[in-house]
Asks: 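Right, I'll just put the structure down here and ask away after.
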Amino acid sequence: MDISRIREEFPILGRRLYGRPLVYLDNTATSETPREVVDAVVNGYTVTKANVHRGVHTLSQEATLLQEEARRRVAAFINASSHEEVVFTRGTTEALNLVASSLGGMLLGEGDELILTVMEHHANIVPWQLLQALKGFRLRVVPMHEDGSLDLDAYRSMFNDRTRLVSCCHASNVLGTVNPVKEMIAEAHAHGVPFVVDGAQAVPHMKVDVIDLDADFYAFSAHKMYGPTGVGVLYGKREWLEKMPPYQGGGEMIESVSFDKTTFAELPFKFEAGTPDFIGISALSKAIDFIERIGIDNIAAHEHELLRHTTERLLREVPGIRIFGQAPGKCAIISFLVGNEHHYDMGMLLDKLGIAVRTGHHCAQPLMRSLGIEGTVRASFAAYNTIEEADAFVEGVKRVSAMLE
């Protein structure tokens with residue numbers, strides 16, 4: 001990987017903050033965007049902007065072609081059996097809400113059980129709780145070991161004749177833990193239980209093959225994989241998508257409407273009510289082009305080297321540091337605290353040094369409570385980050401820690 005050439009593709013990385021070069025380490029929240037994706041968005045608004053589907057004029061036909069080509073690109077990227085199993089949403093959050101409302105509403109009832117894990121993002125907790133208030137089912141939560149890995153023995157013990165569904169993150173947005181979802185899916189399927197995967201933190205950093213995983217549903221977001229904001233993907237096995245009722249009603253998701261009866265469109269349009277972000281969707285193709293041009297394995301290797309180097313320096317050189325999440329094979333995420341220093345103070349002072357990190361509970365308050373803390377500082381890496389930036393971050397943490405003593 002030629003990191004200098006990769007960085008040239010990201011205009012924002014040339015910014016300076018407070019007279020210092022920007023060191024962007026908030027990639028878990030959202031990654032930056034290469035020029036080819038930006039150009040695709042500009043082209044969409046200046047050359048081919050017209051509503052997709054049903055239009056007979058040239059612009060509509062062009063916009064429709066770009067969107068549906070993107071669907072096929074996504075299907076190939078995750079190795080879906082068919083592009084018809086790819087539903088476009090506004091992001092992982094909406095994708096999980098769709099599954100909770102439609103599939104959960106169909107499968108879960110009074111006295112049934114849903115399995116989640118202690119490390120879930122709020123987007124994979126709250127939608128289920130909203131449904132729980134209506135349906136009266138029970139949430140069961142898989143605990144974790146001290147290193148941040150899931151307790152798989154506890155997970156296996158949770159299945160019974162009332163278990164209806166499992167939903168789990170592929171990788172933790174706080175700990176970086178990469179969960180063994182293939183093994184977990186096999187266990188669920190042995191009990192006849194479908195499995196939903198929140199893949200927001202996995203798709204940008206590792207090869208995802210939904211057929212190999214045998215995932216029933218897999219959700220992720222464009223903005224975490226160098227793509228545009230406001231675009232997400234829900235992969236679902238055809239057998240489930242065909243059974244599920246629509247999540248929303250309106251235009252595009254219908255076959256015919258009368259005041260007596262409405263019939264719904266074929267997959268995937270049954271789940272895509274209203275005008276989609278067709279410009280953002282078409283630009284997602286360019287983000288996939290970017291990832292595939294570099295190679296997802298190359299990206300993963302580079303990020304793991306940054307993680308190794310930075311973790312070793314922090315543990316060696318920052319007295320009192322606590323890093324949360326030390327599971328083998330974790331993603332390039334470092335969540336930490338130093339002594340009794342508040343995470344907001346650390347984050348704000350690092351910002352003055354031009355270093356962008358995330359602070360707070362990271363939409364994972366149940367996980368924070370299990371760790372006995374309110375929040376952490378989180379640094380996370382992407383393909384364009386460098387060893388020099390990692391070193392600047394470590395030096396920044398050392399400087400801020402000395403100031404806050």
Asks: Would you name the heavy atoms of Pro366 and Ile125 that are closest together and state the gap between them?
Replies: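 That closest heavy-atom pairing would be CG-CD1, 3.8 Å.
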Asks: Between His205 and His170, is the ring centre distance below 6.0 Å?
Replies: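 Here the rings of His170 and His205 have centres that are no less than 6.0 Å from each other.
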Asks: Donor-acceptor check, side chain of Ser101 to backbone of Tyr247, threshold 3.5 angstrom: yes or no?
Replies: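 Side chain of Ser101 to backbone of Tyr247: no pair is present.
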Asks: Test your reading of the model: is there a side-chain donor-acceptor pair from His362 to the backbone of Ala364, 3.5 Å cut-off?
Replies: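 Here the side-chain-to-backbone pair does not exist.
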Asks: Quick one, Val197 and Leu213 - any side-chain contact, counting heavy atoms below 4.5 Å?
Replies: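 A side-chain contact is absent here, since even the closest heavy-atom pair is not under 4.5 Å.
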Asks: Flag the pair Glu32 and Arg7 as a salt bridge only when some basic side-chain nitrogen lies within less than 4.0 angstrom of an acidic carboxylate oxygen.
Replies: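 Looking at Arg7 together with Glu32, the answer is no, because their closest N to O distance does not fall below 4.0 Å.
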Asks: Could you tell me whether the side chain of Ser60 and the main chain of Asn51 form a donor-acceptor pair under 3.5 Å?
Replies: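 Side chain of Ser60 to backbone of Asn51: a pair is present.
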Asks: Supply the atom-to-atom distance Cys169 SG to Asn179 CG, rounded to the nearest 0.5 angstrom.
Replies: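 Between Cys169 SG and Asn179 CG, I get 5.0 Å after rounding to 0.5 Å.
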Asks: Which atom pair, heavy atoms only, marks the closest approach of Pro228 to Val37?
Replies: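 Of all heavy-atom pairs spanning Pro228 and Val37, the closest is CD-CG1, 4.0 Å.
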Asks: How about His191 and Thr163: do any of their side-chain heavy atoms sit closer than 4.5 Å?
Replies: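 Counting from C-beta outward, His191 and Thr163 never come under 4.5 Å.
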Asks: Would the distance check show the side chain of Asp214 and the main-chain N or O of Lys182 forming a donor-acceptor pair, the cut-off being under 3.5 Å?
Replies: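 Judged by distance alone, no pair lies under 3.5 Å.
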Asks: Please check if any side-chain donor atom of Glu120 sits under 3.5 Å from a side-chain acceptor atom of Thr117, or the reverse.
Replies: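 Yes, because at least one side-chain N or O of Glu120 sits under 3.5 Å from a partner of the opposite role on Thr117.
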Asks: Parallel, tilted or perpendicular, judged at 30° and 60°: which one describes the rings of Tyr384 and Tyr226?
Replies: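 Tyr384 vs Tyr226 ring planes: perpendicular.
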Asks: Should the pair Arg72-Glu69 be classified as a salt bridge under the 4.0 Å nitrogen-to-oxygen rule?
Replies: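 Not counted as a salt bridge, because no side-chain N and carboxylate O are separated by less than 4.0 Å.
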Asks: Are Pro268 and Arg71 close enough that some pair of their side-chain heavy atoms sits under 4.5 Å apart?
Replies: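 Yes, close enough: below the 4.5 Å cut-off.
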Asks: With rounding to the nearest 0.5 Å, note down the distance linking CE in Met206 to NE2 in His304.
Replies: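 The NE2 atom of His304 is 7.0 Å from CE of Met206, to the nearest 0.5 Å.
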Asks: Quick check: do Thr263 and Ser256 have side-chain heavy atoms less than 4.5 Å from each other?
Replies: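 Yes - at least one pair of side-chain heavy atoms lies under 4.5 Å apart.
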Asks: Could you go through Glu8 and Arg5, starting from their C-alpha distance and side-chain angles, then the distance that decides it, and tell me whether this counts as salt bridge (Lys or Arg N to Asp or Glu O under 4.0 Å)?
Replies: CA-CA 5 Å; Glu8 289 174 358; Arg5 289 191 64 182; 5.3 Å; no
Asks: Dump the intermediate steps for salt bridge (Lys or Arg N to Asp or Glu O under 4.0 Å) on Arg73 and Asp289, then the final yes or no.
Replies: CA-CA 9 Å; Arg73 292 285 286 116; Asp289 288 346; 2.5 Å; yes
Asks: Without swapping roles, check the side chain of Thr30 against the backbone of His223 for a donor-acceptor pair under 3.5 Å.
Replies: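 Yes; at least one donor-acceptor contact below 3.5 Å.
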Asks: Are Asp391 and Arg313 close enough, and set up right, to give a side-chain contact (heavy atoms from CB on, under 4.5 Å), and what steps lead you there?
Replies: CA-CA 8 Å; Asp391 287 335; Arg313 282 204 61 189; 2.9 Å; yes
Asks: How about Lys207: does its NZ atom have over 12 heavy atoms from other parts shown lying under 6.0 Å from it?
Replies: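 Counting other residues, nucleotides and ligands, NZ of Lys207 exceeds 12 neighbours.
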Asks: With distance as the sole test, does Glu85 use its side chain to make a donor-acceptor pair with the main-chain N or O of Ser81 at under 3.5 Å?
Replies: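 Side chain of Glu85 to backbone of Ser81: a pair is present.
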Asks: Do Val233 and Leu284 come within less than 4.5 Å of each other through their side chains, counting heavy atoms only?
Replies: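 Val233 reaches Leu284 side chain to side chain.
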Asks: How long is the straight-line distance from CG of Leu25 back to OG of Ser380, given to the nearest 0.5 Å?
Replies: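 The OG atom of Ser380 sits 7.0 Å away from the CG atom of Leu25.
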Asks: NE2 of His309 to CG of Leu314: how many Å apart, nearest 0.5 Å?
Replies: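 Those atoms lie 9.5 Å apart.
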Asks: Tell me the closest heavy-atom pair linking Gly280 and Asp277, and the distance in Å.
Replies: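 It is N-OD1, 2.9 Å.
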Asks: Is there a side-chain contact between Trp240 and Leu103, using heavy atoms and a 4.5 Å cut-off?
Replies: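 In short, these two side chains touch, coming nearer than 4.5 Å.
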Asks: Please check if atom CD in Glu305 has more than 12 non-hydrogen atoms from other residues, nucleotides or ligands closer than 6.0 Å.
Replies: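 Check passes, neighbour count above 12.
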Asks: Considering all heavy atoms of both residues, which atom of Ser221 and which atom of Thr92 are nearest to each other, and what is their separation?
Replies: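 Smallest heavy-atom distance, with atoms named: OG-OG1, 2.5 Å.
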Asks: Test side-chain contact (heavy atoms from CB on, under 4.5 Å) on Glu395 and Lys398 and set out the steps.
Replies: CA-CA 5 Å; Glu395 294 301 322; Lys398 291 163 62 176; 3.4 Å; yes
Asks: Kindly determine whether Phe324 and Leu175 satisfy side-chain contact (heavy atoms from CB on, under 4.5 Å), including the steps that lead there.
Replies: CA-CA 6 Å; Phe324 300 92; Leu175 307 171; 4.1 Å; yes
Asks: Would you call the rings of Phe195 and Tyr155 parallel, tilted or perpendicular, taking 30° and 60° as the class edges?
Replies: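 If you compare the ring of Phe195 with that of Tyr155, the planes turn out perpendicular.
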Asks: Could you pull out the closest heavy-atom pair between His343 and Leu337, with the gap in Å?
Replies: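 Looking at all heavy atoms of both residues, the closest pair is CB-CD2, 3.9 Å.
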Asks: How far apart are the C-alpha atoms of Glu84 and Lys270, what are their side-chain angles, what is the distance that settles it, and do they pass the salt bridge (Lys or Arg N to Asp or Glu O under 4.0 Å) test?
Replies: CA-CA 10 Å; Glu84 294 175 349; Lys270 180 172 77 169; over 6 Å; no
Asks: State whether the side chain of Asp351 and the backbone N or O of Gly347 hold a donor-acceptor pair below 3.5 Å, judged by distance alone.
Replies: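 Between the backbone of Gly347 and the side chain of Asp351 there is no qualifying donor-acceptor contact (under 3.5 Å).
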Asks: Look only at the side chain of Asn385 and the backbone of Glu303, and say whether a donor-acceptor pair between them is shorter than 3.5 Å.
Replies: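 Here the side-chain-to-backbone pair does not exist.
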Asks: Does Leu241 reach the side chain of Phe271, with side-chain heavy atoms less than 4.5 Å apart?
Replies: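 SC-SC contact between Leu241 and Phe271 confirmed.
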Asks: Hey, could you give me the OH/CD1 distance between Tyr218 and Ile78, rounded to the nearest 0.5 Å?
Replies: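 Output value for this atom pair is 8.5 Å.
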Asks: Given Arg293 and Glu9, is the salt bridge (Lys or Arg N to Asp or Glu O under 4.0 Å) satisfied, shown in steps?
Replies: CA-CA 13 Å; Arg293 187 168 64 251; Glu9 298 185 47; 2.9 Å; yes
Asks: Output the distance between atom OG1 (Thr177) and atom CD (Gln326), rounded to the nearest 0.5 Å.
Replies: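 Spacing of OG1 (Thr177) from CD (Gln326) equals 9.5 Å.
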Asks: For Pro319 and Val338, work out which heavy atoms get closest and say how close.
Replies: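 Looking at all heavy atoms of both residues, the closest pair is O-CG1, 3.7 Å.
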Asks: Would the distance check show the side chain of Ser149 and the main-chain N or O of His145 forming a donor-acceptor pair, the cut-off being under 3.5 Å?
Replies: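 Not a single qualifying donor-acceptor pair exists.
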Asks: So does Asn160 have more than 12 non-hydrogen atoms from other groups sitting under 6.0 Å from CG?
Replies: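 Atom CG in Asn160 is packed in, count exceeds 12.
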Asks: Kindly indicate, with the supporting measurements, whether the criterion side-chain contact (heavy atoms from CB on, under 4.5 Å) is fulfilled by Arg378 and Asn173.
Replies: CA-CA 9 Å; Arg378 185 183 70 193; Asn173 73 310; 3.4 Å; yes
Asks: Is there side-chain contact between Lys237 and Val210, with heavy atoms separated by less than 4.5 Å?
Replies: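 The answer is no, as the side chains (C-beta and beyond) never meet within the 4.5 Å cut-off.
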Asks: Between Lys286 and Glu36, is there a side-chain N and carboxylate O pair less than 4.0 Å apart?
Replies: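 Glu36 and Lys286: not salt-bridged.
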Asks: Please answer whether the main-chain N or O of Gln201 pairs with a side-chain N or O of Lys224 as donor and acceptor at a distance below 3.5 Å.
Replies: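 A pair under 3.5 Å: no.
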Asks: Give a yes or no on this: more than 12 heavy atoms of other residues, nucleotides or ligands lie within 6.0 Å of atom CZ of Arg308.
Replies: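 Yes, because the 6.0 Å sphere around CZ of Arg308 holds more than 12 heavy atoms from other groups.
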Asks: Applying the side chain to side chain contact (heavy atoms under 4.5 Å, CB included) criterion to Trp128, which one of Leu96, Leu165, Asn97 satisfies it?
Replies: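 Among Leu96, Leu165, Asn97, the one meeting side chain to side chain contact (heavy atoms under 4.5 Å, CB included) with Trp128 is Leu165.
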Asks: When you check the gap from the basic side-chain N to the acidic O, do Lys243 and Glu239 get nearer than 4.0 Å?
Replies: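 Between Glu239 and Lys243 there is no salt bridge, as every charged N stays at least 4.0 Å from the carboxylate O atoms.
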Asks: Taking atom CZ of Arg90 as the centre, report whether more than 12 heavy atoms of other residues, nucleotides or ligands fall under 6.0 Å from it.
Replies: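 Not buried by this count: 12 neighbours or fewer within 6.0 Å.
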Asks: Verify ring pair (Phe, Tyr, Trp, His ring centres under 6.0 Å) between Phe10 and Phe290, making sure each step is shown before the conclusion.
Replies: CA-CA 11 Å; Phe10 292 81; Phe290 170 79; 5.3 Å; yes
